[in-house]
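Structure first, then comments.
All figures in this text were calculated on a predicted structure; none of them were measured in a lab. Ligands are counted one by one from 1 in listed order, and the atoms in each one are counted from 1 as well. Only heavy atoms go into these numbers, but all of them, side chains included; no hydrogens, no water, no symmetry mates.
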Amino acid sequence: MLFDTHAHMDDRAFDADREALIAGLPESGVALVMNPGCSLASSRNADALSRQYPHVYAAVGSHPDAADEVNEDVLEEYRKLCKLNPKIKAVGEIGLDYHYEDIPRDIQLKAFRAQMALAAELDLPAIVHEREAHADGMAVVDEFPAVKGVFHCYSGSLEMARELVKRGWYIGFTGVLTFKNARKAVEVAAGIPLERLVLETDCPYMAPEPFRGKRNDPSKLYRMAEKLAEIRGLSVEEVHRITTENGKQLYRI
Ligand code: NI
């Protein structure tokens with residue numbers, strides 16, 4: 001059985017078939033799902049889904065794309081949601097995205113720091129989205145040594161992944177692992193300790209081969225497991241067992 005450690009089941013891409021899809025996941029081999037929030041609105045939806053389905057967990061947070069909404073009122077809403085729902089297991093997804101700079105870097109950094117502080121205060125792991133912001137991402141991690149978590153859809157170097165692992169963090173891999181040009185992701189997946197590695201779809205995005213470009217969903221996570229088994233020379237069953245255990249450790253489930 002697999003653990004999809006990062007799936008946006010609240011995304012509108014699933015509006016037509018969300019219920020059937022989530023209810024059918026255990027049958028398709030996915031025992032657990034973490035649904036992170038991307039904004040206050042999406043965090044509320046993630047909270048609701050985790051209350052509705054026993055195999056769905058949630059996180060609350062504002063993505064770098066929504067960094068400009070983060071203020072004391074929003075942080076207080078996240079605090080309240082966490083206190084009311086024990087199935088909220090992380091703060092996320094939060095972080096930095098310097099690829100699209102619709103939100104200025106200083107605003108992204110301020111929101112990231114405020115939400116890392118929230119994770120420290122609530123003693124929850126953080127789900128970090130970091131794209132083309134490696135140096136600033138590591139700098140903020142080092143400002144909050146009490147906070148551990150996962151760098152999801154990891155796009156950094158093997159060297160940086162090893163630095164994160166040293167600090168107690170996990171590294172998340174998406175369908176990118178299965179792409180033909182995925183040399184970097186494969187190198188990282190081969191080079192870090194197995195017990196720090198988690199699998200995710202990041203659906204509805206990042207569908208693995210042979211579904212690339214199509215809508216992604218947790219039932220396609222088996223492809224990442226097959227690829228990881230090949231990279232690490234393990235059986236698919238071992239990869240399922242180990243990565244599911246890692247996901248549970250990460251989110252303290
Ligand atoms: Ni995401």
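- Remark: Ala189 pairs with Phe173, Leu177, Leu228, Ile231 by the side-chain contact (heavy atoms from CB on, under 4.5 Å) rule, at least two apart or across chains.
- Comment: Arg18 does not engage Asp11 in a salt bridge, judged by the lack of any side-chain N to carboxylate O separation of less than 4.0 angstrom.
- Remark: Lys220 engages Asp217 in a side-chain hydrogen bond (donor to acceptor under 3.5 Å, both in side chains) (not counting sequence neighbours).
- A 6.0 Å sphere centred on NZ of Lys110 holds no more than 12 heavy atoms belonging to other residues, nucleotides or ligands.
- Shown are the protein N/O/S atoms under 2.8 Å from the Ni ion (ligand 1), given by residue and atom: His6 NE2, His8 NE2, Glu93 OE2, Asp202 OD1.
- Between Tyr98 and Gln108 there is a side-chain heavy-atom pair separated by less than 4.5 Å.
- Within the structure, ring-ring contact (aromatic ring centres under 6.0 Å, His included) contacts touching residues 107-130 (residues at least two apart or in different chains) are His63-His129, His129-His152.
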